[in-house]
Chemist: 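Once you've had a glance at the structure underneath, I'll fire off some questions.
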Amino acid sequence: MGLNLDYPIGIPDTAEFAERGCTEDCWQSLPVAGANIPDGFIGTMGALQAFVEGSTSNLPTHYEDAFQTMALVEALYRSSAQRGEVLQLGE
């Protein structure tokens, strides 16, 4: 979420992870393709548009999805600030 770290100029998006319980420097990088905006919204907005126009009767997202997305964004901010964030499964 590099754009958010130095808005509006931004820095390249990155994704890193470490296995739970790791006691050494074991962060690994994952390749990141696309951009947070607009790529992060293509699926949900496309589904909403198809639902509104009537080409599908299935709306695969709900307000809980937006809430969980914002919880993820907040966890990413904390992770960036303190070099890691432990997430509980099912949160």
Chemist: Before giving the answer on side-chain contact (heavy atoms from CB on, under 4.5 Å), spell out for L48 and M45 the whole-Å C-alpha distance, their side-chain angles and the decisive distance to 0.1 Å.
Modeler: CA-CA 5 Å; L48 178 60; M45 291 309 296; 4.1 Å; yes
Chemist: Could you list the residues that satisfy side chain to side chain donor-acceptor pair (under 3.5 Å) with E53, not counting sequence neighbours?
Modeler: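 E53 satisfies side chain to side chain donor-acceptor pair (under 3.5 Å) with S55 only.
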Chemist: In the hydrophobic clustering that connects Ile, Leu, Val, Met, Phe, Trp and Tyr at side-chain heavy-atom distances below 4.5 Å, which members other than F17 occupy its cluster, ordered by chain and number?
Modeler: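 Result for F17 is L30.
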Chemist: What distance do T56 atom OG1 and F51 atom CZ have between them, rounded to the nearest 0.5 Å?
Modeler: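 Output value for this atom pair is 8.0 Å.
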